[in-house]
Amino acid sequence: NSQTTSQTLIDGNTLAAKSLAAYGITHMFGVVGIPVTSFANRAVAAGIRFIAFHNEQSAGYAASAYGYLTGRPGILLTVSGPGCVHGLAGLSNAMINTWPMVLISGSCDQSDVGRGDFQELNQIEAAKPFSKHVGKAKDIKEIPKCFFEALDSAVLGRPGGCYLDLPTDVLHQTISESEADSLIKSAVDVSEIEKGAKKMSIASLEVERAVDLLRNAERPLIVFGKGAAYARAENELKRLVESTGFPFLPTPMGKGLLPDTHELAASAARSLAIGKCDVALVVGARLNWLLHFGEQPKWSKDVKFILVDVSEEEIELRKPHLGLAGDAKKVLELVNKEIKENPFCLGKNHPWLEAITKKTKENVSRMEAQLAKDVVPFNFLTPMRIIRNAILEVGSPAPVLVSEGANTMDVGRAVLVQTEPRTRLDAGTWGTMGVGLGYCIAAAVAEPHRLVVAVEGDSGFGFSAMEVETLVRYQLPVVVIVFNNGGVYGGDRRNPEEIAGPFKDDPAPTSFVPGAAYHVLIEAFGGKGYLVGTPDELKSALSESFTARKPAVINVIIDPYAGSESGRMQHKN
Ligand code: ADP
């Protein structure tokens, strides 16, 4: 009867699991151990899918990408001390990419702090530099409130990483179930998400000024990034581009918001587009290194930037001609509405569009001529063309593409075609290598209707290669294509004078075991492995694995001296 239920005692583990479920969390990534194993089990019992990894770093990357793909906080669960430290990789990645994530970590007994307890660490201080919010439940009664604060903070305003600390003693405390339920209810009641705090007001005067600038631009350009993808602004962008006839340029992860094949896509004429535009509307993309800080010589001196960003600090930092602070989808709705009242359109014969189209055609045909050749042993281009065609053949829903590596990512960005929003995950703002397997797993659970295809270098793959076991364990539809050129950048590219000293006969710092059998790794767990070195072998492996939609690794042997050191970032190495 209800009397007995209300007096039933529950512990901190159960209350933590119930709090997550009450917030609507459906997935959690992590590695269990002391003191969080029961929490993970209770979370599963509460209806949350727990994806168990081998390493917190990879699980953390998964949680960060899950946040990006779903717009809900990605959750990483770690053990105390070293588990938390490994998890900081994912947390920092979420923070830098502005993706919502919460790292929940067990911590040592509060009464033993300072005495060298098992896995003791001041985790709050460790997490602070990588978090927009840190919290600690010091008593079981604080659990629901602490969870809701961390989860709200991850998604409100500019999304980011948050940290929540759960001491061992708090997980073991008990309270009555009825008190627990009322604590959860109060947490739900104060949740800012529930109150719709996400709404920001956008000044209509600013929207009018922005539209005036666009209307009078001679060489306009629309640039959009992963912030626009996160905001799910694809329909508004499509309407804007198609009503104005303005050319557009996606950032690497903005690719797919509008199809790469769109006639107004200026990606293949990027240097011309950014070098000559006079007004650039930049939506959900920072003017950081990826966009050359918005400065000369890549951009012209007089370009007027209109920045659309959810973060007012970001707009202040960049000092654009005009800033529109707010959610990209909402801002673009207002912009479209304003344009509709007094429409304008560039028209195909406009000299600016003609110049971009001409440049695009030239560059595309030059690239296609390179791609058309079957080069064996493989360079980067030949296998990339074959993969591009195989991905396009899958059609809709398009696969999620995960990409990392130096040359592999650079060449892939230019060659692989993105046709649907949020179908590209790559090294991102930080150029983080080692994200691949975590991102694959996140994409497979967040977008179960899509195939996931990773195209990555052998070095990127190696960071978390053991997670292929995780792919097999959960039977995820992920095909990992490893561009195996035997090392970081591939081969031994040292100058002769650099090969000296007592350890000169060691392998070069950039090289791995040549011809490593990465495909055998997944077979150890019952997955499917392919070793390919020719176009026909690759085509057949892709066709079989894409149809099977089962975990597979395709080990593609690449000429170790193809490509360049550091890809396109050689000047920094
Ligand atoms: P990219 O790597 O694609 O250039 P960035 O990560 O540099 O993109 O920039 C993304 C920007 O989008 C960040 O400055 C972030 O504040 C912003 N952003 C995040 N969510 C939204 C949103 N809902 N609406 C508008 N901007 C957003």
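Read the numbers this way: they start at 1 and go in the same order the structure lists the ligands and their atoms. Numbering starts at 1 and runs along the sequence shown. Note that the coordinates shown come from a computational prediction; the quantities given were computed from them, not determined experimentally.
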## Note on the structure
For Gly326, the ligand 1 atoms with a heavy-atom partner under 4.0 Å come out as 24 (N), 25 (C)

## Note on the structure
Any heavy atom of Thr251 under 4.0 Å from ligand 1? The part involved is side chain

### Test of proximity, Arg158 against ligand 1: N or O pairs below 3.5 Å
yes

### Message
Rounded to the nearest 0.5 Å, what separates atom NZ in Lys238 from atom CG in Leu332?
### Response
14.5 Å

### Task
May I have all residue pairs that pass ring pair (Phe, Tyr, Trp, His ring centres under 6.0 Å) and include part of residues 295-316, sequence neighbours excluded?
Trp299-Phe305

### Query
Would you find a donor on one side and an acceptor on the other, under 3.5 Å apart, between the side chain of Glu404 and the backbone of Val435?
yes

### Message
Show the nearest heavy-atom pair for residues Glu56 and Gly83, with the distance to one decimal.
### Response
OE2-CA, 3.4 Å

### Task
Select one of side chain, backbone, both or neither to describe which atoms of Thr429 lie under 4.0 Å from any atom of ligand 1, heavy atoms only.
side chain

### Query
So is Ala233 close enough to ligand 1, meaning a heavy atom under 4.0 angstrom away?
no

### Query
Under 3.5 Å between some N or O of ligand 1 and some N or O of Arg286?
yes

### Query
Do you see a donor-acceptor pair shorter than 3.5 Å between the side chains of Thr423 and Arg450?
no

### Query
Mind checking whether Tyr230 has an N or O less than 3.5 Å away from an N or O of ligand 1?
no

### Query
Heavy-atom contacts under 4.0 Å between Leu290 and ligand 1: side chain, backbone, both, or neither?
side chain

### Message
For Thr98, which part has a heavy atom under 4.0 Å from ligand 1: side chain, backbone, both, or neither?
### Response
side chain

### Task
Compare every heavy atom of Asn363 with every heavy atom of Ala269, then report the nearest pair and how far apart it is.
CA-ND2, 4.4 Å

### Message
Under a 4.0 angstrom heavy-atom cut-off, which atoms of ligand 1 come close to Ala231?
### Response
22 (C), 23 (N), 24 (N)

### Query
With only distance considered, is Met253 within less than 3.5 Å of ligand 1 through an N or O on each side?
no

### Message
Regarding ligand 1, does Lys226 bring an N or O atom to under 3.5 Å of one of the ligand's N or O atoms?
### Response
yes

### Task
Please determine which of Tyr68, Tyr61, Tyr66 meets the ring-ring contact (aromatic ring centres under 6.0 Å, His included) test together with Trp99.
Tyr68

### Query
Partners of Glu208 by salt bridge (Lys or Arg N to Asp or Glu O under 4.0 Å), sequence neighbours excluded?
none

### Query
Does Asn288 approach ligand 1 within less than 4.0 angstrom via side chain, backbone, both or neither, non-hydrogen atoms only?
side chain

